[in-house]
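Single-structure report; data block below.
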Amino acid sequence: MKKLIGVGLGLTLLLGLAGCGKEGPTSRVKIQRDSCPLYFASENLCAEIRWVKGPSADVKSEFTVVFWKKEESSSTGSWTEPRGQVGAFLRMTCCGSVSFPKVNKLAEGKYAVTDASFAPGKWEVYVQLKQGEQVEKQFVKVQVDD
């Protein structure tokens, strides 16, 4: 009986430690975020992707992209309209498949990207600024599961 209690207590401690450091719904641990997730040097702007729906292989995904001046170092301040034309595309890293979702301006420095189609696998989600022949691209990696 003592052996069974010891194994149960050890298993409880092991499971408790396995969850250590993970943020739960009521956790007060703050995640430190990159102050400039996507940096566009040509305009000295930062940008951030904010998922609205997805990323998912089951339904069309949506996200917004917001831009701000790098020296402000926060996506919560005022947004800045890029001089270049904003675009987005998705690239599957295994085979180079490319998809072009729709991009629409919502407000000054804020864009909606809709109709993003993903298959299960590893993807790169690109945001680009285009001025004439000059194109600057930045991306984030995304894993889409079944």
Side-chain angles (χ1 to χ4, degrees), residues 7-146:
V7 170
L9 181 60
L11 185 57
T12 302
L13 284 172
L14 180 63
L15 291 174
L17 289 174
C20 185
K22 292 184 180 177
E23 185 172 347
T26 58
S27 175
R28 294 183 186 191
V29 176
K30 290 187 178 181
I31 297 174
Q32 233 179 356
R33 300 173 70 176
D34 186 349
S35 62
C36 191
L38 302 172
Y39 178 59
F40 294 89
S42 63
E43 298 192 34
N44 199 32
L45 292 179
C46 295
E48 178 179 59
I49 291 174
R50 298 176 180 175
W51 291 97
V52 175
K53 186 181 351 176
S56 172
D58 298 331
V59 296
K60 298 268 184 177
S61 299
E62 298 177 27
F63 58 91
T64 59
V65 180
V66 294
F67 295 88
W68 66 94
K69 294 177 184 170
K70 181 166 175 46
E71 58 272 6
E72 292 177 7
S73 71
S74 172
S75 64
T76 58
S78 61
W79 297 325
T80 302
E81 184 64 25
R83 289 185 307 269
Q85 179 184 1
V86 177
F89 65 95
L90 317 170
R91 182 182 166 277
M92 194 167 199
T93 56
C94 73
C95 53
S97 295
V98 179
S99 172
F100 296 92
K102 295 178 186 174
V103 179
N104 294 304
K105 183 176 176 176
L106 296 175
E108 190 80 6
K110 183 177 183 179
Y111 290 80
V113 180
T114 58
D115 290 336
S117 297
F118 290 98
K122 294 179 181 178
W123 290 82
E124 296 169 342
V125 177
Y126 283 84
V127 175
Q128 69 180 23
L129 296 179
K130 182 177 181 181
Q131 289 188 43
E133 296 297 314
Q134 183 181 10
V135 178
E136 186 173 7
K137 299 176 253 186
Q138 297 295 318
F139 70 93
V140 295
K141 294 182 179 193
V142 174
Q143 172 68 42
V144 178
D145 296 323
D146 292 337

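Side chains are part of it too, since the values below use all heavy atoms of this structure and drop only hydrogens, waters and symmetry mates.
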Can I get a per-line list of side-chain donor-acceptor pairs under 3.5 Å for residues 123-132, giving both atom names and the distance, sequence neighbours left out?
unit_1: W123; atom_1: NE1; unit_2: A119; atom_2: O; d: 2.8
unit_1: E124; atom_1: OE1; unit_2: R91; atom_2: NH1; d: 3.0
unit_1: E124; atom_1: OE1; unit_2: Y126; atom_2: OH; d: 2.9
unit_1: Q131; atom_1: NE2; unit_2: E43; atom_2: OE2; d: 3.0

From E71 atom CD to L45 atom CG, the distance as rounded to the nearest 0.5 Å: 8.5 Å
Nearest non-hydrogen partners of W68 and S78, listed with the distance: CB-O, 3.8 Å
Results of side-chain contact (heavy atoms from CB on, under 4.5 Å) for C94 - residues two or more places apart only: M92
Nearest non-hydrogen partners of S61 and F118, listed with the distance: OG-CD1, 3.6 Å
F100 versus A88, closest heavy-atom pair with distance: CD2-O, 4.1 Å
Full working for side-chain contact (heavy atoms from CB on, under 4.5 Å) between L106 and T64: CA-CA 9 Å; L106 296 175; T64 59; 4.0 Å; yes
More than 12 heavy atoms of other groups within 6.0 Å of K105 NZ: yes
Side-chain atoms of residues 51-58: list all donor-acceptor pairs with protein atoms under 3.5 Å, sequence neighbours left out, distances to 0.1 Å.
unit_1: S56; atom_1: OG; unit_2: D58; atom_2: N; d: 3.0

Distance-only donor-acceptor hits, side chain of residues 135-146, under 3.5 Å, sequence neighbours excluded:
unit_1: E136; atom_1: OE1; unit_2: S42; atom_2: N; d: 3.0
unit_1: E136; atom_1: OE1; unit_2: S42; atom_2: OG; d: 2.5
unit_1: E136; atom_1: OE2; unit_2: A41; atom_2: N; d: 2.7
unit_1: Q138; atom_1: NE2; unit_2: Y39; atom_2: O; d: 3.2
unit_1: Q143; atom_1: NE2; unit_2: D145; atom_2: OD1; d: 3.3

Residues forming a ring pair (Phe, Tyr, Trp, His ring centres under 6.0 Å) with Y111, sequence neighbours excluded: none
Other residues, nucleotides, ligands: >12 heavy atoms within 6.0 Å of E81 CD: yes
Donor-acceptor under 3.5 Å (S99 side chain, L90 main chain): no
Gap separating the CD atom of E48 from the OG atom of S35, nearest 0.5 angstrom: 10.5 Å
Atom pair NZ/SG of K69 and C36 - distance to nearest 0.5 Å: 14.0 Å
Residues in side-chain contact (heavy atoms from CB on, under 4.5 Å) contact with K60, at least two apart in sequence or another chain: D115, S117
